[in-house]
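Reading through the structure tokens given below for one structure.
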Amino acid sequence: MKYWLMKSEPEEFSIDALAKVGREPWSGVRNYQARNYMMKDMKVGDGILFYHSNTEIPGVVGLAEVVSETYPDPSQFKKKSDYYDPASKPEQPRWWLVDVGFKRKLARTISLDELKAKSEQLGDFALTQRGNRLSVLPVTAAQWKFILSLE
DNA sequence: GCCAACGTTGGC
DNA sequence: GCCAACGTTGGC
């Protein structure tokens with residue numbers, strides 16, 4: 001079992017929105033590295049730290065899990081979609097995703113500031129590395145455990 | 001295959 | 001809303 005951190009702008013799709021719908025196809029990722037994690041490395045049952053970005057207090061706000069195998073992101077073929085990719089062909093889709101299922105909200109937000117302050121305990125962590133913009137990134141079992149111990 | 005221009009992400 | 005970081009695109 002692996003662990004991940006997935007970012008979402010709460011104005012677009014918040015942890016509360018996920019709680020309401022239960023599960024959600026993680027569509028719209030248009031970055032190859034993030035896609036590769038979803039396409040190649042994620043397995044049903046993997047743990048997800050749900051992270052709010054582009055908001056007053058960016059940070060980890062909840063837990064989710066991978067609830068589907070990888071499959072082509074339907075939005076890439078929809079002309080009206082913001083995520084439409086004219087270069088992607090149905091017989092060879094470019095963008096893949098998984099469905100994300102709600103587990104629970106954290107008792108409090110574990111902020112980016114706080115995670116930065118604990119960088120010594122966290123070790124190598126893509127989230128807090130300079131200039132990082134990846135929206136899907138791996139978390140080690142030790143990091144997962146440590147972050148949840150802060151709750 | 002280099003690299004300038006451009007677009008996007010996301011913290012602040 | 002600004003802007004640094006950085007991925008992508010396209011001309012050459």
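Within every chain, numbering begins at 1; the chains are lettered A, B, ... in the order of the sequence lines, protein sequences first and strands thereafter.
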Does the pair [X]/[Y] count as a salt bridge with the N-to-O cut at 4.0 Å?
{"X": "A:R30", "Y": "A:D73", "answer": "yes"}
{"X": "A:K7", "Y": "A:E12", "answer": "no"}
{"X": "A:R104", "Y": "A:E151", "answer": "yes"}
{"X": "A:K2", "Y": "A:D41", "answer": "no"}

For A:D46, all residues meeting salt bridge (Lys or Arg N to Asp or Glu O under 4.0 Å), sequence neighbours excluded: none

First and last nucleotide of DNA chain C, 5' to 3', lying under 4.0 Å from heavy atoms of chain A: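 It runs C:dA5 to C:dT8.
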
A:Y32 vs A:N54, nearer the 5' end of DNA chain C by closest nucleotide: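 Closest to the 5' end, via its nearest nucleotide, is A:N54.
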
